[in-house]
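Take a look at the structure below.
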Amino acid sequence: MALMRTKPIEDVLHQNDEVAPDRPGEGRLRKRLGPVDLVGFGVGIVIGTGIFTLTGIEAKNHAGPAIIVSFIIAGVVAVLAALCYAELASAVPTAGSAYTYAYATVGEPIAWIIGWDLILEFLLGASVVSRGWSGYLGNLFGLPPSLFGEKSTVNVGAMIIVLVLGVVAVVGIRESAWVTNGLVVVKVAICVFVIVAGLFFVKAANLTPFVPPAQPVPGGGTSGLGRPLSQVMFGIAPSAFGVAGILTAAAVVFFAYTGFEAVANLSEETKRPARDMPLGLLGTLALSTVLYIGVSFVVVGMVKYSDLDEGAPIASAFRGVGANWAAVLVSIAAVAGLSSVILVDLVGIGRIAFALTRDGLLPPGIGRIHPRWGTPYRATIAMVVFVMLIAGFVPLKDLADLVSIGTLFAFVLVSSAVAILRRTKPDMERPFRVPFSPVLPILSALLCLYLATNLSVATWLRFVVWLLIGLVLYLGYGRRHSRVGQRGAVNRAAPDPVR
């Protein structure tokens, strides 16, 4: 039995052509999405937690006004990764995105780890954002913090929004697209408003010094687990701000760009993936990056970075200059923006689980497609329940780092897959091609890996533990039930044909 068996590209391309007779009820995903829908989904998940919370946290603690540079660095790395995703998603339109690409290139065990990693990314992403949604809603309407805040024993608000959006995700992809596109229009309009209105309150004094000088971490940085891995590896004294602070902030705010991968995950439901996937991926990043840079500039220009409110930096910046009415609009946008993030996360996690069950790495019943709605309803419902439990009972203050490292790890594999497939499958049809390959894919992989080393040692340890749990599940179930493995066993058992 081959240790690193791969799934033939030809099988990936035709796996949704028809439903096999021995897999009744599994069903097919339906092609209902166009480029506008893809950009809507992408912006729906990208413009969310990063712009409404991480801006203040990282500007105050790591980068100062240079948080703008951190967003630019993260955006450049995200664009390189998006180019790699665009090539693979247009050539191999399938649910599962990075998981399926790894399966076709580097082997089944790595593919499983990537799939397991993506489940972590979407699961925790939806949980974290739903708690943020609950807090914003509570602040906007003066709801009791015992039910809608981080101090609550049971965060009822977070559980309610997950349940409501979970129903939308189960009912259908078109319905999810309509809701997402509507929410995206609201929050993009508010982001443009923030940039235009905020420019009138920007003060040059707040932007000086643009890169605050490096300074020791408060408390002397006694906890090695809280330090970036790169500082521990190279014996660098723990510090904040300066160049190191900019890079640390870039690694964390990369969380803000992770959503575009959800677009690649919808390629099997796209009407013309060869044309629409590159447009959806690159359009998402172009619009989101411009908004991130504009909003971060305005926020650190309106209020001194050291005075920013970490919980609601944009709203607090307007309150700080006396524009309370604008703060209310920002809070409304945050509620709309975070709603779309949760919805796209729930849609994405159902597709990842569907791809894993289709390949036999998870029990087949989990991935069944609803005959009317055309969605993997069982997988989506199961994940909605998990997200509700986590969001309702577990405070998730520091898990943006964990989502970032999971995404960066997936990006390393996707970038590597482009270079590998160019060598192993040179004749494969590629409607979109990454320019300057393999230089840009290799550069993308190295930059993603480097950004990941700027995350804390504790984040790396938690990530390794999650991967080990996934490895145990793979060895206990997935390896024995893999359809690729079973097909190989049948082929080896068959007698040689008579010549």
Side-chain angles (χ1 to χ4, degrees), residues 35-59 63 65-79 81-82 125 129 132-133 136 180-202 207 249-250 252-263 279-303 308 312-318 326-327 329-344 400 404 407:
V36 174
D37 298 315
L38 294 176
V39 173
F41 270 111
V43 175
I45 192 171
V46 171
I47 302 294
T49 303
I51 204 166
F52 292 116
T53 59
L54 293 183
T55 303
I57 294 173
E58 293 308 305
I67 186 65
I68 302 166
V69 179
S70 299
F71 272 113
I72 293 174
I73 293 172
V76 169
V77 177
V79 166
V129 177
W133 181 95
Y136 265 104
T180 300
N181 290 343
L183 294 173
V184 165
V185 170
V186 173
K187 66 179 175 181
V188 169
I190 294 297
C191 286
V192 173
F193 162 79
V194 167
I195 296 171
V196 175
L199 286 173
F200 291 97
F201 299 101
V202 170
L207 298 170
V252 176
V253 301
F254 196 84
F255 171 87
Y257 291 96
T258 58
F260 78 81
E261 193 204 26
V263 177
L279 291 175
L281 288 164
L282 298 177
T284 292
L285 277 183
L287 179 58
S288 301
T289 301
V290 170
L291 292 177
Y292 274 145
I293 293 172
V295 171
S296 60
F297 170 77
V298 165
V299 169
V300 295
M302 292 172 66
V303 178
L308 283 172
I314 302 175
S316 69
F318 278 103
L329 286 179
V330 170
S331 296
I332 294 173
V335 170
L338 297 179
S339 297
S340 64
V341 175
I342 300 166
L343 177 57
V344 179
S404 288
T407 305

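Each residue takes its place number in the sequence, starting with 1. All heavy atoms count here, side chains included; hydrogens, waters and symmetry mates do not.
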Would you name the heavy atoms of L285 and A78 that are closest together and state the gap between them? CD1-O, 3.3 Å
With side chains defined as the heavy atoms from C-beta onward, is the minimum distance between L38 and L279 less than 4.5 Å? no
CD1 of I67 to CD1 of I72, rounded to nearest 0.5 Å, is 10.5 Å
What closest approach, in Å, do V298 and I195 show between heavy atoms, and which atom pair accounts for it? CG2-O, 3.7 Å
Is any side-chain heavy atom of V202 closer than 4.5 Å to a side-chain heavy atom of L207? yes
Between atom CD1 of I314 and atom CE of M302, what is the distance when rounded to the nearest 0.5 Å? 9.5 Å
Closest approach of A327 and F318, non-hydrogen atoms and distance? N-CB, 4.0 Å
Would you call the rings of F71 and Y292 parallel, tilted or perpendicular if under 30° counts as parallel and over 60° as perpendicular? parallel
Do L291 and V192 make a side-chain contact, defined as non-hydrogen atoms from C-beta onward lying under 4.5 Å apart? yes
Nearest-0.5 Å distance, CG of residue L287 to SG of residue C191: 9.0 Å
Taking the side chain as every heavy atom from C-beta outward, state whether F201 and V303 have any pair of such atoms under 4.5 Å apart. no
Answer whether the closest heavy-atom distance between the side chains of V194 and V330 falls below 4.5 Å. yes
Here the pair of heavy atoms bringing S296 nearest to I68 is OG-CG1, 3.7 Å
Return the minimal non-hydrogen interatomic distance between A63 and S70, and the atom names on each side. CB-OG, 3.8 Å
Could you tell me which non-hydrogen atom of W133 sits nearest to which non-hydrogen atom of I342, and how far apart they are? CB-CD1, 4.2 Å
